[in-house]
Amino acid sequence: MLVVDSRVGRQLEAIREVVEVGRELRIPVWLRGGWAMDFYLGKVTRPHLDVDWFVWGDEVQQLAEELVSRGWTLLPEPPHDRQMDLVKDDVEQSLTLLARNEAGHPVVAAGPSAGEPWPETMLDGPPGSLAGITCPIITPESQIELKRMYPIWIPTLKRRPKDATDIAHLQAALNTQKQASASQPPQTDREQRPAGR
């Protein structure tokens, strides 16, 4: 496990703060990117440049305003109909906006790709946990898909060695989880019935 330095500690505190603010305001948030992987794996695997989130576009303004009231600075770029970047000291957080299609599935909120679908079930997984923080994350399957597809969707983005390593970590954890599930004996009708019936 990577030694948690002071910057990693500050990023974890920023994650805790966003989770708490989202809970107070009843605004759902989902970690994405490298921190989503680490929360799925339950360990810090590498240093991270920033903390990346998904937030519904019709709720992000309220979330950002509350964070600004707590000492975060909202940066002017990128366009706020796509993403809001906030900074405090040496920690940067990016709130990527989501919209919904007619079926209620997540799509790109604005910009040249507005309306394009994100992975349909990416918000449907269980939360992840790390350092005593429990946080909603995008599903590991979606994490893998996004890391594989970004350079195809955005040709100017080069494939990065860290993405290949992240995919390998996620795939290994998913394979272990599947093997563990497959080795569990199926429950009998007797085991599934409540006692006394």
Return yes if some donor-acceptor pair links the side-chain N/O of [X] with the main-chain N/O of [Y] below 3.5 Å, else return no.
X: Glu116; Y: Val108; result: no
X: Asp38; Y: Thr45; result: yes
X: Arg7; Y: Leu49; result: yes
X: Lys88; Y: Leu67; result: no
X: His80; Y: Leu75; result: yes

Where is the tightest heavy-atom contact between [X] and [Y], given as atom of each residue plus distance?
X: Trp72; Y: Val87; result: CE3-C, 3.4 Å
X: Met84; Y: Ala64; result: SD-CB, 3.7 Å
X: Trp118; Y: Val107; result: CD1-C, 3.4 Å
X: Tyr40; Y: Ala173; result: CE2-CB, 3.7 Å
X: Ile137; Y: Phe39; result: CG2-CB, 3.8 Å
X: Asp52; Y: Gly33; result: OD2-CA, 4.4 Å

Check whether any side-chain heavy atom of [X] lies under 4.5 Å from a side-chain heavy atom of [Y], and answer yes or no.
X: Asn101; Y: Pro117; value: no
X: Trp56; Y: Val29; value: no
X: Leu123; Y: Ile138; value: yes
X: Pro28; Y: Glu59; value: yes

Distance from [X] atom [atom1] to [Y] atom [atom2], nearest 0.5 Å?
X: Ile133; Y: Glu17; atom1: CD1; atom2: CD; value: 11.0 Å
X: Leu31; Y: Ile15; atom1: CG; atom2: CD1; value: 5.0 Å
X: Arg100; Y: Asp58; atom1: CZ; atom2: CG; value: 5.5 Å
X: Met122; Y: Trp30; atom1: CE; atom2: CH2; value: 8.0 Å
X: Glu20; Y: Cys135; atom1: CD; atom2: SG; value: 11.0 Å
X: Gln83; Y: Trp53; atom1: CD; atom2: CH2; value: 14.0 Å

Before you tell me yes or no, could you show the steps for Arg10 and Glu13 under salt bridge (Lys or Arg N to Asp or Glu O under 4.0 Å), namely the whole-Å CA-CA distance, both residues' side-chain angles and the distance that decides it to 0.1 Å? CA-CA 5 Å; Arg10 288 190 294 277; Glu13 283 307 308; over 6 Å; no
Checking side-chain polar atoms at under 3.5 Å, does His48 have a donor or acceptor matched by the opposite partner on Arg46? yes
Under a plain distance cut-off of 3.5 Å, with no hydrogens placed, do Glu66 and Gln62 share a side-chain donor-acceptor pair? no
With respect to Asp166, which candidate in Lys147, Gln171, Gln143 satisfies the side-chain hydrogen bond (donor to acceptor under 3.5 Å, both in side chains) definition? Lys147
Evaluate the side-chain contact (heavy atoms from CB on, under 4.5 Å) criterion for residues Asp85 and Asp50: first the C-alpha distance (whole Å), next the side-chain angles of each, then the deciding distance (0.1 Å), finally the verdict. CA-CA 10 Å; Asp85 289 354; Asp50 56 9; over 6 Å; no
Cluster overlap Leu97 with Leu25, hydrophobic side-chain contacts below 4.5 Å: yes
Within a radius of less than 6.0 Å around CD of Glu120, do more than 12 heavy atoms belonging to other residues, nucleotides or ligands occur? no
